[in-house]
Amino acid sequence: MCGMPQQPPIRSTPTRPRRPDASMSLITNVMDHSLDDGYAEAAERKKAAGDGGMPRTLRAKLGLAAGLVLAALVVTVGAAQARVAAPVVAKEREELVDRIDRETEAADQLEDSVDRLREDVSARQREALKHSGGSAESEVVGILSGATAVHGPGVKLVVNDAKEAGSGGGADPRETTGFSDTGRVRDRDMQRVVNGLWESGAEAVSINGQRLTALSAIRAAGDAILVDNKPLVPPYTVLAVGDGQRLSTRFQDSADGLYLNALQESYGIRTGISVEDDLRLPAAPSVIVRTAQPSIEKSEKGTS
């Protein structure tokens, strides 16, 4: 036994415990190395370089500061330019306001001058009518021509739009367009009323204080009624000097009176007529004589 070489005893190598996820090597590798080597290397280089040697927050702050400085510079330059231009603009505005005031004052003076001249012409025309013949004849001519103010008995006729004419949404019915024209008094209606009064025996007529003459015109401008180019506002008050009761009866029985009554019954036009003891009508603003000349045939025949 001693001559036989002895073999070292065989020692059993302890086995390492097996990982539970040994069979999932691919998933394990992905989990342990989630960042690709190339990306990891690039991240290391960027970290080592310090992104240009300047932290990102510092660079953002510097950019914001530069933007604020630029904005402040723009605002400062704009304010400086506005401050420089302000006196010039203010001066131009002041000059324009002064010019408007001067022109307005000149226009007012011209308008006053026109009114004075018109009144002077009217006074001279009325004076000429008074001395154009006999006293009674000149008075009649002055009354019929509207050159002199008159008073006396007569009728007062009030004509107004229908109540529904104000339902178009505005306070003034003539500023609305939602109501039919039949509910509003028109220029043709007032023409018939005035002609009917003249035909019934009126000696002088006025509408809303505007004296009518042989040259007066009643026209329409849009929804407004004009008498001698002056706009009237409803209700329309017509004064007619004459034999009051007779004038009222004859007018209401005339074709024009029946026409006005039909407007009232069919379209709601509001009317009212009354006999008055004393009406006062002003003279016409101006009496224009274009072609008429005083006749002297009677005096010539008397001397022959």
Rounded to the nearest 0.5 angstrom, the CD-CD1 distance for Glu105 and Ile100 is 14.0 Å
Pair Asn195-Glu199, side-chain donor/acceptor within less than 3.5 Å:
no
Q | Donor + acceptor pair across side chains of Gln252, Ser248 (<3.5 Å) | A | yes
Here the pair of heavy atoms bringing Asp161 nearest to Pro234 is OD2-CG, 3.8 Å
task = Using a 4.5 Å cut-off on heavy atoms from C-beta on, say whether the side chain of Val69 contacts that of Leu73.
result = no
| Where do Gln264 and Arg270 land on the side-chain contact (heavy atoms from CB on, under 4.5 Å) test, with the steps shown first? | CA-CA 6 Å; Gln264 182 179 7; Arg270 292 171 286 177; over 6 Å; no
Value for CD1 (Ile218) from CG (Asp228), rounded to nearest 0.5 Å, stands at 8.5 Å
One should read off an interatomic distance between Leu110 CG and Asp115 CG, to the nearest 0.5 angstrom, of 11.0 Å
Review point. Any chain of hydrophobic side-chain contacts (each under 4.5 Å) joining Leu157 to Tyr259?
Key: yes
| Are Gln191 and Arg219 close enough that some pair of their side-chain heavy atoms sits under 4.5 Å apart? | yes
Q. Can any side-chain N or O of Ser254 pair as donor or acceptor with the backbone N or O of Phe251 at less than 3.5 Å?
A. yes
Of all heavy-atom pairs linking Ala149 and Arg211, the shortest is CA-NH1, 4.2 Å
In terms of heavy-atom contacts, Leu247 and Leu197 come closest through CD1-O, 3.8 Å
Practice problem: Would you confirm whether Asp243, through its side chain, and Gly154, through its main-chain N or O, come within 3.5 Å as a donor-acceptor pair? | Solution: no
Indicate yes or no for a side-chain donor-acceptor contact from Asp277 to the backbone of Pro153 under 3.5 Å, with no hydrogens or angles considered. no
Distance col, row Asp101:CG vs Leu96:CG, nearest 0.5 angstrom, shows 9.5 Å
**Q.** Verdict with reasoning, Ile269 to Asn160, per side-chain contact (heavy atoms from CB on, under 4.5 Å)
**A.** CA-CA 6 Å; Ile269 297 295; Asn160 198 1; over 6 Å; no
Quiz item: In terms of hydrophobic clusters joined by side-chain contacts under 4.5 Å, are Val159 and Leu226 together?
Solution: no
- Just checking, any donor-acceptor pair under 3.5 angstrom between side chains of Glu276 and Ser274? yes
Judged by atom type as modelled, is there a donor-acceptor pair below 3.5 Å linking the side chain of Ser113 to the main-chain atoms of Gln109? no
With a 4.5 Å heavy-atom cut-off, do Val205 and Leu239 have their side chains touching? no
Nearest heavy-atom contact between Ala204 and Val150 is CB-CG2, 3.8 Å
Is there a side-chain contact (heavy atoms from CB on, under 4.5 Å) between Lys156 and Thr237 once you walk through the steps? CA-CA 7 Å; Lys156 177 182 179 181; Thr237 302; 3.9 Å; yes
Separation between CD1 (Ile273) and CG (Asn261), nearest 0.5 Å, reads 11.0 Å
Any salt bridge between Arg192 and Asp256, counting N to O under 4.0 Å? yes
Taking every heavy atom of Met190 against every heavy atom of Tyr236, the minimum-distance pair comes out as CE-CB, 3.9 Å
| request: Evaluate side-chain contact (heavy atoms from CB on, under 4.5 Å) for Leu260 paired with Asp189, printing each intermediate quantity in order. | output: CA-CA 8 Å; Leu260 187 60; Asp189 304 328; 5.9 Å; no
query = Is the shortest side-chain N to carboxylate O distance from Arg280 to Asp278 below 4.0 Å?
reply = yes
*May I ask you to check whether over 12 heavy atoms, not counting those of Glu95, lie within 6.0 Å of atom CD?*
yes
Side chain to side chain contact (heavy atoms under 4.5 Å, CB included) test vs Leu212 passes for just one of Leu281, Ile207, Val238, namely Ile207
